[in-house]
Amino acid sequence: MSGVPAVGERRRIRRQQEAEAVAGVSGHQLMDYTRGIARWVRLSGEPDERAAFDYVEGLLRGLGLGTRLIEHDAFISLPGAARMEVTAPVRESLTCITHAFAAPTGSDGIAGEVVYVGEGGPEEYARTDVRGKIALVEGLGIGGKVRRGEERGAIAQVFIHGEYTHETSVSPLWGAPTPETIHLLPKTPSFSINRDAGARIKELAKAGSVRVRAWGEVTTGWRKIPLLTGDLPGEVEPDRFVLLSSHLDSWHYGAMDNGSANATMLEALRVLAGRPRRRGLRIAFWSGHSHGRFAGSSWYADHHWFDLFHHCVAHVNSDSTGGRGATVLEEAPVMAELRGLAAELIRAIAGQELCGKRIGRFADQSFVGVGLPSIFGTFSEQDAADPETRRGLSFFDHAQGRAAGLGWWWHTPEDTLDKVEEALLIRDTQVYVGAIFRLVNEPILPLDYAATAGEIRERLTYYQRAARGRFDLSAEIAAATALEQQAVRLAGLLADEAGDDPRRARLLNDTLVRLGRLLVPVGYTLTGPFGQDLGMALAAVPGLAQAEPLGTMDAGAAEARVLSTALRRHANRVRFALEEAARSIEAVL
């Protein structure tokens with residue numbers, strides 16, 4: 001038809017509209033939103049946090065969204081006062097903090113000999129007897145480290161940070177406990193001290209035994225926390241939406257973590273609200289991120305699973321944007337199927353080449369079991385070469401690549417408005433606006449499952465080598481290779497597809513959504529679609545990661561046979577997903 005623009009012209013028009021949206025990001029508005037949110041210390045379930053939720057809901061309504069603000073049950077832990085004293089060989093006080101989900105000490109405190117275990121790895125614990133003692137550990141207190149110390153018999157653990165101590169949670173759970181996981185909650189107290197206090201204890205230890213007594217108050221239990229959502233409906237595909245989320249709770253005033261990221265969401269919404277939308281945009285603010293181990297987003301995944309499964313096309317997470325000196329974008333987290341989109345936007349807007357890192361067990365990534373492709377999370381980071389970075393956590397000294405965390409003020413009282421850099425917040429928000437615009441408006445979803453299949457194939461090949469002949473993954477590798485070839489053919493079709501025919505566009509997008517539902521769970525979960533894995537690092541295709549230890553075992557040993565049984569079941573799950581994905585592509589081709 002002569003009145004209908006050609007394919008290339010329609011694409012050019014969309015890119016122009018996207019550029020206008022990106023250019024519309026306002027630094028003044030971003031800082032105003034951040035300032036408004038960072039007025040409150042937003043502890044999960046506390047009145048000041050609810051005031052922040054009410055404030056944000058008012059902003060959403062002012063932008064024309066229908067909103068829903070609810071309260072739901074969550075298992076929350078809030079650390080209270082803590083103190084520590086060296087009792088031998090000298091008497092002196094040390095400044096410390098305790099952690100969410102650590103066991104409280106009671107009024108008598110906890111006392112014992114301190115034993116240094118380095119970074120608290122399995123080998124270091126194997127060399128050191130910590131039974132009945134207090135373990136002194138380098139780095140951030142996290143659930144896996146605490147559990148390891150408890151299993152070795154430590155009665156408490158003290159973690160050494162950088163110049164500042166950083167609030168954290170030491171539970172390995174993700175979201176609320178279940179009958180299968182409640183026993184994993186920490187049973188011992190834990191504390192953090194800064195680098196100078198840690199050096200003092202190690203100095204005293206050179207002369208002999210060091211003993212300390214520490215007190216820590218922690219309140220843990222069920223309480224109501226808020227959850228806020230708002231919707232901008234789609235116009236062409238009203239039954240589908242992109243989920244844009246971030247946590248609104250904070251440690252202290254949390255201007256960067258997560259006030260600036262909340263502002264990124266609000267500003268993206270402001271610049272997109274008055275523009276045409278093919279699909280809907282759902283915006284969600286969680287509580288319970290820091291104090292409940294992602295309690296809000298995991299509750300939402302549990303209670304809105306079917307809505308997400310049937311209607312959500314992607315998850316965009318916003319966390320800690322625009323931090324002062326956060327110049328590194330090249331290691332932004334992204335799933336393989338969205339890496340191409342992220343790389344294009346980061347190159348165009350920030351002039352950096354994305355190498356990326358896998359989406360991990362962080363930043364409210366509660367939807368991998370549902371099968372949602374996901375982009376971003378903790379976003380821009382400090383440069384490891386920046387001297388100011390060295391004021392931060394001790395593990396910054398071991399940074400891989402350029403990125404080295406979120407600033408020395410992260411999770412401290414120093415996370416105030418002066419730690420947000422307006423120019424960098426504009427840059428980060430522009431990348432988010434570009435990503436959201438594409439996911440909402442492209443006639444064919446910008447998802448590259450050839451990249452996903454290739455990532456899975458590479459990981460399976462690695463596990464095959466690691467198993468050293470004790471387990472055979474050749475059928476799974478063949479399935480991944482076949483899927484990758486099919487996905488390359490599909491990508492070629494999508495590159496030429498304008499989405500003119502609504503029924504054809506629907507068929508292609510149905511296929512892309514189906515691929516995510518099949519491939520994301522096997523690539524990112526152990527428990528599958530309906531559970532939540534623990535909040536600890538998982539390898540790619542985690543169900544087959546035990547091929548590595550199997551490769552070091554006697555093939556005839558009972559332990560190896562038990563492990564092989566579990567691996568076979570996981571391999572069947574992976575192969576099924578790969579073959580079903582290939583069949584889905586074949587049907588549309």
Side-chain angles (χ1 to χ4, degrees), residues 74 142-144 168-169 171-176 181 227 229 241-249 257-258 261-262 264-265 282-305 308-309 312-321 331-339 341-342 356-381 403 406 432 435-436 439 447 452 455 516-517 519-543 545:
I142 55 177
T168 189
S169 165
S171 167
L173 274 57
W174 188 282
T181 62
L227 191 156
T229 59
F241 64 88
V242 173
L243 175 64
L244 171 61
S245 85
S246 70
H247 69 91
L248 189 53
D249 62 300
D257 188 8
N258 208 30
N262 303 148
T264 287
M265 290 175 57
R282 178 169 299 171
I283 191 166
F285 292 89
W286 321 118
S287 177
H289 168 97
S290 292
H291 318 114
R293 299 293 290 149
F294 317 104
S297 59
S298 61
W299 182 93
Y300 196 79
D302 290 340
H303 290 81
H304 294 264
W305 192 97
L308 293 165
F309 183 85
C312 186
V313 299
H315 176 215
V316 183
N317 185 261
S318 181
D319 200 307
S320 301
T321 51
E331 296 179 41
V334 61
M335 288 187 180
E337 54 269 27
L338 284 164
R339 187 176 293 121
L341 171 61
K357 59 186 175 187
R358 278 175 55 83
I359 294 290
R361 299 299 285 160
F362 55 80
D364 281 292
Q365 295 293 343
S366 294
F367 310 105
V368 288
V370 181
L372 302 189
S374 185
I375 185 169
F376 304 147
T378 47
F379 189 58
S380 52
E381 297 188 51
L406 298 175
Y432 273 86
I436 297 162
L439 288 165
L447 299 168
T452 307
E455 182 179 75
R517 303 304 187 256
L519 300 177
V520 172
V522 299
Y524 286 86
T525 77
L526 279 169
T527 57
F530 303 105
Q532 290 288 352
D533 291 307
L534 296 179
M536 297 188 289
L538 287 175
V541 196

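All values below come from the heavy atoms of this structure, side chains included, with hydrogens, waters and symmetry mates left out.
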| Does any non-hydrogen side-chain atom of Leu244 lie less than 4.5 Å from one of Arg282? | no
| Atom pair OG/OH of Ser246 and Tyr432 - distance to nearest 0.5 Å | 9.0 Å
| message | Rounded at 0.5 Å granularity, tell me how far OG1 in Thr452 sits from CG in Leu519. | response | 6.5 Å
| remark: Ala342 meets the side-chain contact (heavy atoms from CB on, under 4.5 Å) criterion, sequence neighbours left out, with Val334, Leu354, Ile375, Phe376
| said: Please evaluate residues Met265 and Phe285 with respect to the criterion side chain to side chain contact (heavy atoms under 4.5 Å, CB included), reporting the C-alpha separation (whole Å), side-chain torsions for both, the decisive distance (0.1 Å), and the verdict. | reply: CA-CA 9 Å; Met265 290 175 57; Phe285 292 89; 3.9 Å; yes
| field | Validation row: Leu447, Leu338 side chains within 4.5 angstrom (heavy atoms) | value | yes
| task | Tell me, please, which residues at least two apart from Thr264 pass side chain to side chain donor-acceptor pair (under 3.5 Å). | result | Thr321, Thr429
| field | Ser298 side-chain N/O to Ala295 backbone N/O, donor-acceptor pair under 3.5 Å | value | yes
| message | Applying side chain to side chain donor-acceptor pair (under 3.5 Å), can you list everything that pairs with Asn317, at least two apart in sequence or on another chain? | response | Ser245
| field | Test item: Phe241 and Leu308 side chains (from C-beta on) under 4.5 Å apart, heavy atoms | value | yes
| request: Identify the heavy atoms of Arg517 and Pro373 that sit nearest to each other, and give their distance. | output: NH1-CD, 4.3 Å
| task | Return yes if a side-chain donor-acceptor contact under 3.5 Å exists between Ser287 and Asp249, otherwise no. | result | no
| query | Can you list every salt bridge (charged side-chain N to carboxylate O under 4.0 Å, His left out) pair that touches residues 285-295, not counting sequence neighbours? | reply | none
| request: To the nearest 0.5 Å, tell me how far His304 NE2 sits from Leu243 CG. | output: 11.0 Å
| query | Going through the checks in order, is the side chain to side chain contact (heavy atoms under 4.5 Å, CB included) test met by Trp286 and Trp299? | reply | CA-CA 10 Å; Trp286 321 118; Trp299 182 93; over 6 Å; no
| task | Would you mind reporting whether Phe367 and Cys312 have side-chain heavy atoms less than 4.5 Å apart? | result | no
| task | Looking only at non-hydrogen atoms, find the nearest pair between Gln532 and Ala301 and report the distance. | result | NE2-CB, 4.1 Å
| Heavy-atom side-chain proximity of Asp319 to His247 below 4.5 angstrom | yes
| What closest approach, in Å, do Gly369 and Pro521 show between heavy atoms, and which atom pair accounts for it? | O-CG, 3.5 Å
| said: Minimum heavy-atom separation for Ala363 and Gly377, please, with both atom names. | reply: CB-CA, 3.8 Å
| request: List for me each residue that meets side-chain contact (heavy atoms from CB on, under 4.5 Å) alongside Leu538, sequence neighbours excluded, and say none if there are none. | output: Arg361, Leu526, Asp533, Pro542
| Between Trp305 (side chain) and Pro529 (backbone), is there a donor-acceptor pair under 3.5 Å? | yes
| remark: The salt bridge (charged side-chain N to carboxylate O under 4.0 Å, His left out) partners of Glu337 (sequence neighbours excluded) come to none
| message | Ignoring hydrogens, what is the shortest heavy-atom contact between Phe362 and Thr378? Give both atom names and the distance. | response | CE1-OG1, 3.9 Å
| task | Please check if the side chain of Ser318 supplies one atom and the backbone of Ala261 the other of a donor-acceptor pair under 3.5 Å. | result | yes
| message | On a heavy-atom basis, which atom in Ser366 and which in Trp174 lie closest, and how many Å separate them? | response | OG-NE1, 2.9 Å
| query | Would you say Val316 and Val242 make side-chain contact, with heavy atoms under 4.5 Å? | reply | yes
| query | Do the rings of His289 and Phe294 sit parallel, tilted or perpendicular, given the 30° and 60° boundaries? | reply | perpendicular
| request: Supply the atom-to-atom distance Thr229 OG1 to Ile283 CD1, rounded to the nearest 0.5 angstrom. | output: 10.0 Å
